[in-house]
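Quick caveat: nothing in here was measured; it's all calculated off a predicted structure. Throughout, protein chains are lettered first and strands after them, A, B, ... in sequence-line order, and every chain is numbered starting at 1.
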Amino acid sequence: MLYTPAPMHIPDGFLSMLVSAVCWALTVIILAVALSQANKTFNERQIPLMGVMAAFIFAAQMINFPVAGGTSGHLLGGALAAILLGPWAGMLVMMAVIAVQGLLFQDGGLLAMGANILNMGLLAVTVAYGLYRTVLNRPRGLKLAVAGIAAWLSVMTGALATALQIWLSGNAKLEIILPAMLGIHALIGLGEALITVAALAFIFKTRPDLLEGGETVRGGRGWIVTGLLITLAVVLLAPLASANPDGLEHVAINMGFHTTGQAAPYEFLPDYTIPFLGATPLSTILAGALGVLMVLALAFLIGRLVLKKP
Amino acid sequence: MHDNVFDRYRPGDSILHRLDPPLKVVVTVAFIISNVLLPDAAWLAFGLSWLLILASSQMAGLGIGYTTRRSVVALPFALAAITAIFSVPGNALADWHIGATPLTVTDAGLLRFASIMLRAWLSVQGAILLVATTRFPDLIHALEHLRLPKLLVTIIAFLYRYLFVLTDEVLRMLRARMARSAAMPGQQSGGSLLWRAKVTGNMVGQLFLRSYERSDRIYNAMLARGYTGQIRTLNPHVMKGRDWLFATLAAAAFTLLQIIGRM
């Protein structure tokens, strides 16, 4: 009907108890920090604002745009929430959206909700705001371009985290699920980037005061560092892992996850010689970096085009 | 638009409807945890879990097949679990190669896949039952009783309250877009993909502005009515004798399921 589930909400049963619990713990800790920050800086007026903004993200996901062959794309909203509301409020808003999707529509499980909030809410907001934070006082074209990349990366980050969690639960093979999830979401992320940039351009034109009113800096430089670190993780880890999954497998077993798939006792450094310098991983990393550059160029072009037209 | 477009609540006066909402949330989560903890191929325990769902569905006056009919929502995600067929070591049943990656179907892998699907299917039915027998405002209030921070609960409550209002807004915008996108039969209306994305983005931006301005009006209205940061409700939510009885029975049933699953 009106509500189209996004292919990133993990249902219950796909994650092991351990992975679900760890994700819930991370989510609770981050949300607790977000809440204490929110209580410090927010006034009463912002309570209805955040509630209505959560409803806005929810409703905005219903605005679809036809892509091709009967399929249509729509917004996920993590990056938009981060840019419009700032990181802490963005996290709280995305938490509410994902919680209601799980509770009311059964889109995403209850036990898996910790993971879902982490992937689509907290991580997506962090990476998007971290990148956007670098261009706060820069020209609009640059802002829009970076917002586009941030939106694309926020989707990719969520997809990567989802794939890793399912794999850590011992329920998927990394070399299949990682390229599959990242491949699908590279496309979904393009739609996300397009809509986010266009929506921001519209708001820049009509109510610039909301985005640039004194340019209140919400959050320190730590966001940039965290955002860039996650970006690096997505750009470097993803290709590395899909080219050379055994390395990650090894880490997971050492950490005590992934107890299910341990039929072969793992040798240290089996066939490949130096895991992180082999020719294949290096080339895939370069490909990943090149891909990011291309998205950057594309987003920049779109930003220019959108801004030029009256 | 009326709120029943989204709401999955089925009005009724059954035992399940009258249970304490926080307790229902806890029991549902316990049921889902029980499913996740069941070992692969515990068919008997999976079957008994399903019987529990069917019985509860009947008891709630929803009809015995209600949850099962609505449980297809989790199916699209099954694609992600298909790789389990190849990832669990066991006796090889078939062998393929895609590029350099060997794909071996194992018996344990097939069992894992079937078990994941069953767990997801059962868990989603538990959640459906919860939402069908509990009003969503009660559910939100239950979260507060379960010690969720007040600000989070308030945001969720606002989201639910204004979801319908903003959905109406979205529907008006979509109707306006449709009315302006006339097309000859067989021809595509509108411009390129980029153009369409831009229109969609403008709609999202417009929706943001309308929501933003609405939240201002809402705040003023709330102040006018004496808002102090506290949302009140007439439901006390106290555990009664039958709630304790239900909690005990549920705990016993889930423990029994775990024992049966491991035999």
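Between chain A and the options B:L139, B:V25, B:I116, the largest number of non-hydrogen pairs under 4.5 Å is found for B:I116. Per-residue heavy-atom pair counts under 4.5 Å with chain A were compared for B:M203, B:Q206, B:R161, and the maximum is reached by B:Q206. Ranked by non-hydrogen atom pairs under 4.5 Å with chain B, the options A:V97, A:L103, A:T206 are led by A:L103. Residue with the most contacts toward chain A among B:V29, B:V199, B:L152, B:I156: B:L152 (heavy-atom pairs, distance under 4.5 Å). The residue among A:A60, A:A54, A:G13 with the most heavy atom pairs within less than 4.5 Å of chain B is A:G13. Chain A forms the most heavy-atom pairs under 4.5 Å with one residue out of B:S123, B:A127, B:G126, and that residue is B:A127.
Contacts between B:E213 and chain A at a heavy-atom distance below 4.5 Å involve the side chain alone, from C-beta outward. If you measure heavy-atom distances from A:M53 to chain B, the contacts under 4.5 Å come from the side chain alone. In this structure, the portions of B:V204 lying under 4.5 Å from any heavy atom of chain A include both its backbone and its side chain. Neither the backbone nor the side chain of A:S20 has a heavy atom closer than 4.5 Å to any heavy atom of chain B. Proximity to chain A (any heavy atom under 4.5 Å) is restricted, for B:L223, to the side chain, taken from C-beta onward. For chain B, the nearby part of A:I203 is the side chain; its heavy atoms alone come within less than 4.5 Å. For a residue to count as touching a neighbouring chain, one of its non-hydrogen atoms must lie under 4.5 Å from one of that chain's; by this rule A:M95 touches chain B with the side chain only. With a 4.5 Å cut-off on non-hydrogen atoms, B:E169 does not touch chain A at all. Contact annotation for A:A163: neither backbone nor side-chain heavy atoms come within less than 4.5 Å of a heavy atom of chain B. Contact of B:F136 with chain A is made through the side chain alone, with heavy-atom distances under 4.5 Å. With a 4.5 angstrom heavy-atom cutoff, B:L38 does not touch chain A via any of its atoms. For B:N35, no part lies near chain A; criterion is any non-hydrogen pair under 4.5 Å. Of the atoms belonging to B:T28, it is side-chain heavy atoms, and not backbone ones, that fall under 4.5 Å from chain A. Looking at B:L207, both its backbone and its side chain come within 4.5 Å of chain A, counting heavy atoms on both sides.
Ring-plane geometry between B:Y160 and B:F164 is classed as perpendicular, the angle between the planes exceeding 60 degrees on a 0 to 90 degree scale with a lower cut at 30.
A:F56 and B:L166 make their closest contact through N-CD1, 3.4 Å (heavy atoms, listed as atom of the first residue, atom of the second, distance). Taking each heavy atom of B:S34 and B:Q258 in turn, the nearest pair found is O-NE2, 2.7 Å. When all heavy atoms of A:M94 and A:I57 are compared, the pair lying nearest together is SD-CG2, 4.1 Å.
The OG1 atom of B:T154 lies 11.0 Å from the CG atom of A:L92; values are rounded to the nearest 0.5 Å. In this structure, OH in B:Y212 is found 9.0 Å from CG in A:L85, a value given to the nearest 0.5 Å. Atoms CG and CD1, on A:L75 and A:I63 in that order, are 8.5 Å from each other to the nearest 0.5 Å. Atom CE of B:M173 sits about 4.5 Å away from atom CZ of B:R210, to the nearest 0.5 Å.
Using a cutoff of 4.0 Å between basic side-chain nitrogens and carboxylate oxygens, B:D138 and B:K24 are not scored as salt-bridged.
Surrounding CZ of B:R172 are more than 12 heavy atoms belonging to other residues, nucleotides or ligands, all under 6.0 Å away.
Side-chain contact, A:Q165 with A:N119: a donor N or O sits under 3.5 Å from an acceptor N or O. One side chain, B:Y66 or B:R10, offers a donor N or O that lies under 3.5 Å from an acceptor on the other.
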